[in-house]
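Everything on this sheet refers to the single structure shown next.
Worth knowing before you read on, the calculation uses all heavy atoms, side chains too, and leaves out hydrogens, waters and symmetry mates.
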Amino acid sequence: MKRFMGVLLSMAILFAAVFPMNAYADTGGSGNVDGGGGGMGDGTSTNSWTPGNEGVRVTVVRASDHAVVTTPIDLTNRPPNSSIYNFGKISKLQYNGGRGLSPIKGNYNCVVPPQPLPKIISTNGSNNIEAIKKYFCSEYLVQMIANHTGMNYDVLIGGEYKLLLEPVAYYKFEGVMIATTATEAAMYDEQVGGLLRKRMVSLSHKNLPLSMFLEVADLGYPAWSGSRSKAASNAEIKSSLGLGIVRFKDKPAEPPEVSVYDYEYRVNTEVITAITVSGGQSDPDHPVSATFYVNGRSYRVSNIYYPDGDSQLAWIRWTTPSTPQHMTITVSVSGGGSSSKATINVNIVDLDKNPPPNPVADDRNDSFRKSAVPNKVQKTSTSWTVWRPWWQEHWVWHSDWNWYSDGDGGGHWEDDGEWVDEGWWMFDLDRYQASLSASTAIKPDDKSPTASGTVMKSGYGINETVSARVSTNQSSAVTGAQTAVTYFPEFGYQTYWRLLERMSSGYSARFEFQKNPYSTYSRRTHFSPIWFPDGSYAPYTWLIDCWSPAGMLSMNLTDSVTIRDNLWTDWHIAPQKPH
């Protein structure tokens with residue numbers, strides 16, 4: 001790995017973006033693409049890229065949950081030697097989901113399409129976006145992708161799937177040929193301490209990532225609103241650049257993502273609020289700081305360091321108010337940098353406002369239909385980085401020659417100089433992570449007289465216990481899981497819910513139902529309906545509010561008991577209607 005990291009470098013230009021476009025042939029495809037870029041720097045014998053040494057990585061993605069459903073394939077007009085260094089066939093979605101770089105020597109394969117690809121990587125920011133869109137939305141290209149990925153063509157264009165496009169560049173870095181997407185180049189640059197950017201900035205951080213980008217948010221990626229001609233940071237490339245999307249119009253396209261609020265928090269919750277700071281270089285000689293103004297208080301974050309051309313997350317940890325409200329957090333940056341946001345809009349909500357009503361006896365409901373268990377946003381792991389500056393010494397002798405007379409008309413010259421450290425700041429990248437694991441257990445209430453194991457009659461109560469555990473290597477930047485809210489099948493997992501009470505806090509937290517005001521014993525119980533169809537009774541719990549600088553971790557949890565009969569047969573209030 002060290003040998004590979006020491007010899008790689010140079011970068012490719014990138015592809016993709018998202019905006020509606022006309023369909024071509026009969027695929028019903030539409031593309032979202034725009035581009036920018038600028039001039040290329042001068043190459044060297046060990047670090048260079050030749051225009052035309054490019055390709056496009058194509059991944060089939062399920063639209064509903066953004067899951068990668070095929071192994072990506074690389075298309076190119078000019079295949080490189082199969083021995084080229086590469087990182088395998090991994091998509092941007094997989095990297096953003098936590099996949100790390102895994103260098104490979106050789107075994108690189110690609111597909112040369114009979115109809116050549118249009119020019120993807122521009123050296124002057126003027127590549128033909130319309131030609132690229134037309135090519136990747138054509139029946140010819142989509143049929144070829146279906147053949148090579150093993151997908152049925154009609155299924156692929158049916159509206160349930162999208163094509164994720166990522167330009168690939170083949171170039172020489174430190175004397176060794178390498179193939180990367182823009183995302184891989186940004187991740188690799190972090191591993192080599194900024195050396196790729198230093199050697200190949202025009203390709204790796206400008207023309208590659210800016211050759212195409214999204215104009216309309218899609219697949220969880222935002223539209224790009226930054227510069228179209230300046231080099232981007234690693235963080236910007238990983239989050240927003242280097243991708244394109246083809247979607248098929250049988251299914252309505254995803255609408256643009258419009259965020260009214262940058263964050264939604266719960267009341268009385270410890271949270272992390274983060275910004276990205278960039279601009280120039282921040283080091284101990286020229287430090288940057290940021291001040292957050294929150295609800296009448298100020299929080300100062302000092303010593304935010306990052307190398308020239310890159311950026312750094314800066315965050316605060318604070319506790320939200322006890323009442324629901326809309327808040328505006330303002331941020332000021334001093335020391336030469338600039339913030340990704342000057343104002344942050346926050347919505348604070350109270351989930352303890354809509355518990356189920358008092359359960360009463362009801363008749364059999366033959367029109368009742370069970371609903372599918374929800375699947376809300378789940379993110380169980382995340383990572384972030386912090387730049388750590390260190391001084392590279394470089395001692396230089398500064399001469400100071402002086403004439404010393406001997407008093408007799410003679411004398412000598414003497415150098416009274418000194419050694420001066422003319423070093424510079426270098427940066428290492430410290431990596432941090434957080435992960436969330438949890439389980440839930442549903443069981444019949446102890447007061448249910450006829451329950452046996454996990455089998456019970458409807459109308460009696462259930463208990464729930466949620467156990468959550470958080471692991472991290474930077475505890476000061478991560479909160480424990482703080483909120484668990486449970487939804488019930490009798491309400492179609494809508495309308496009513498119960499906010500669980502946190503019985504223990506921290507990185508090992510436990511939650512149970514709050515005491516039920518409708519229970520004679522005020523037990524921590526939820527009562528299933530007097531009548532519920534026999535079979536699985538499965539409450540759903542969303543575990544949230546585990547905060548980190550990279551956002552919130554969350555989990556979908558479910559467990560079940562088996563309903564067999566109902567308490568009418570115990571009460572003898574009325575005979576059961578025949579089934």
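In this structure, Q312 contributes its side chain and W387 its backbone to a donor-acceptor pair below 3.5 Å. Looking at D350, its side chain never comes within 3.5 Å of a backbone N or O of P324 through a donor-acceptor pair. Under a 3.5 Å cut-off, the side chain of T50 and the backbone N or O of N53 do not form any donor-acceptor pair. Not one N or O on the side chain of W49 forms a donor-acceptor pair closer than 3.5 Å with the backbone of G52. When atom types are taken as modelled, the side chain of E54 and the backbone of I121 share a donor-acceptor pair closer than 3.5 angstrom.
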For a quick test of your reading: what N or O donor-acceptor pairs under 3.5 Å do the side chains of residues 285-296 make, sequence neighbours left out?
unit_1 : atom_1 : unit_2 : atom_2 : d
D285   : OD2    : W425   : NE1    : 2.8
S289   : OG     : R300   : NH2    : 2.9
S289   : OG     : S334   : OG     : 2.8

query: Given Y265 and V349, is the side chain to side chain contact (heavy atoms under 4.5 Å, CB included) satisfied, shown in steps?
result: CA-CA 6 Å; Y265 296 134; V349 300; over 6 Å; no
task: Mind running side chain to side chain contact (heavy atoms under 4.5 Å, CB included) on I178 and N86 for me, showing each step along the way?
output: CA-CA 6 Å; I178 178 176; N86 63 94; over 6 Å; no
- request: Dump the intermediate steps for side chain to side chain contact (heavy atoms under 4.5 Å, CB included) on L165 and F136, then the final yes or no.
  value: CA-CA 9 Å; L165 311 174; F136 282 97; 3.8 Å; yes
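Between E174 and K172 there is no salt bridge, since no side-chain nitrogen of the basic residue lies less than 4.0 Å from a carboxylate oxygen of the acidic one. Salt-bridge formation is detected for the pair D218/K162: a Lys NZ or Arg NE/NH1/NH2 atom is positioned less than 4.0 Å from an Asp or Glu carboxylate oxygen.
In the model, T385 has no side-chain atom that pairs as donor or acceptor with a side-chain atom of R431 under 3.5 Å.
Between K238 and A186 the shortest heavy-atom distance is CG-CB, 4.0 Å.
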